[in-house]
Amino acid sequence: MNLLNANGNVEIVLIKLNKQEKTQLANYYLTEKTRIKIIKKCLSGVIVQVGVNQVAIDKEWAGSILVK
Amino acid sequence: MKEIVITGPPNCGKTTLFNLLTGKNERVGNWQGVTVKAVSSNLIGKKGVIITDLPGSFAEGNYTLEQKNAAKYLYKCYGVIVLCEAQNLKAGIELFNRVVKLNKNVLLVINMYGELKRGGGSINFKKLNGFFNCFPVCVEVNKISSKSAVNQLIEGLLTNIIEQKSVHCEQIIAQCFKPANSMQYAFLDKIFLNGAWAFIFTFFSFAIFFYCAFGKYGIAGLISHLVEQLFICAVNQPIARLFTVFGVSNFICAFILEGLLSGVLSVLVFLPRLAVCYLFIFIAEQSGVLARLAFLLNFAFSRFNTTGRTFFSLISCYGCTVSGILQTNTCANKEEKLGVCLSLPFIPCSAKLPVILYLCNFANQVFGFWSVFFAIVGGFLCSLVVLWAYGKIIKNKKSFYVISFPPYRVVSAKSILKALQKFVKEFIIRLVAIVALVNCFLFLLTSLSTDFKFLNGEQIEFSILAVVCKRLAIIFKPAGLNDWRLVLSLIVGLFAKESVISAFTLLGIKTINKSTLISFLLFFAIYPPCINALATYKAECGKKFTIIIFLLYFTLAYLAAAIANYLGLLFAVALILSACFVALAVQSFKFSVHSKKSKKIEGF
């Protein structure tokens, strides 16, 4: 499933998180079940909308948690 | 003694509240991780109450180094103020529940409700109050300024910190909270989340501020000239007249006028230039742009075995190396922290820049302007090379970078003035406390001969310091620094970098030949940071690491100066720049290969 090819505004489900990643993302209200919206992709990673907040996630990490 | 701790999610205004309650002027900024260490102070008007400001945290124990330290304060305090942004009420309530479980007196304080309302959101306070033993307090910390309002706030907070029970977070959010529909100034994302535009905009803003600060016709240059004239008319001349009237001895006259006042003045004239530079960083911080730039630069930093977090340390270091070192507490692990700390001395701090400008003005003014520019850019590139080399030697575990972007905010004139006031105050305290003190010692020791007799200004060559430094100058001869006065200036610079300017004035160095000047400049730009920064290194990274830093940068400075001395400036600069470019080229190549692979696999 090539989620990151799509042009923004794609709802995705976070998967494959280890324990530390889960805890860190929980701080930003992101869990395995959260459906988040990508608002921007750039060389550094992805920026997602979580509620009213914009959370930027490192490219390498985004690669490991966003792709099935 | 009661200790009340202020905690809350990052970037919700804890330090602003702390400053309000204690009358302090701690650093505030519009991004996560401005406060990296707990700070305590007495509450205004109440004896026996201490307020402690903690770094931002979502829970009582967490992953970054500074959050783990902060957790200790929560366990031992009397009461806790949980501060949260109205937009992030959920985070505040969850943290409130965690603190309640620690059996602490606690109060929920909601900040920036106006911002939520402007974005179309709201909180139903009538319903919200029903969930708590004691009603949450709603404040606009930024807008409280009068003394009576501060006293009212203090009374309100002290009476309401009581034992509370846990509340049902999901239920509160569902019943009382309506989130904002849109973020204010969201259109700015089109510029600051677009890599190319963000860098173009930042570069031009930087260029304008830089010219204002260091340019020939820049506003800071004019203010510097005014400060100089004002100081001479209002301080130097009246004191000189008083000395003549009262017939004060020549030695004391020379000590005060030449040793103390001229040294202070020679550094003070650079204050306006530094203030303009500081203003640029402050506006970028407060407006919320800096956090976005840090993330956009993450791809570059990841090539050098670190993350966008490092950007904050490097930027802080342009102000003062000490704050840069403290900022490394936001690093994810100790290896990353040590790597960033190792790279920081290459960044020219606000004490080094005036000296570089002063030295280059010996050659000519245009050369001075460009030298400062290259010192800023070159220092940044050299730091990246150190990070890269460190990553090659020590294979630390790759840390990931997640950051919540702060909202865009208009920077108010009041906050600019407050920050400038803090900057000027700190600069003047440092100037009086260290530079003036060092100058006094320097003056005394250059006025005493080896048999402790007073010498006049022309006999300085026979003073105690001259005799000692002439022997030391033999060691520095291969580096092109065979004048004992230059060696002495470098030693003085270890106490406070600005002292080099006053030492030049005091030792009567008015001309230097070009090759010596270049060797001195290179040595000065690279050699170890001041004693204050070294003490911070010792506290943060340990004694061994501090010794390594000192020896490493001393050797690098010596080698650079020696290369410039024997082979010429062009070769030395070419060598340093080519090392930077080779490192950057290798990383860019690796990055492009990596990106192509990523595209094939993930569609990036």
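Computed from a predicted model, the values in this text were never measured in an experiment. Here is how names work: the chains are called A, B, and so on, in the same order as the sequence lines, proteins then strands, and each is numbered from 1.
Note: A/I47 CD1 to B/L296 CG = 6.5 Å, rounded to the nearest 0.5 Å. Atom CG of B/D189 sits about 9.0 Å away from atom NZ of A/K40, to the nearest 0.5 Å. With values rounded to the nearest 0.5 angstrom, A/L43 atom CG is found 10.0 Å from B/F295 atom CZ.
Summarising the local packing, OH of B/Y408 is surrounded by more than 12 heavy atoms from other residues, nucleotides or ligands at distances under 6.0 Å.
A/S44 places a side-chain N or O within donor-acceptor distance of the main-chain N or O of B/F299, the cut-off being under 3.5 Å.
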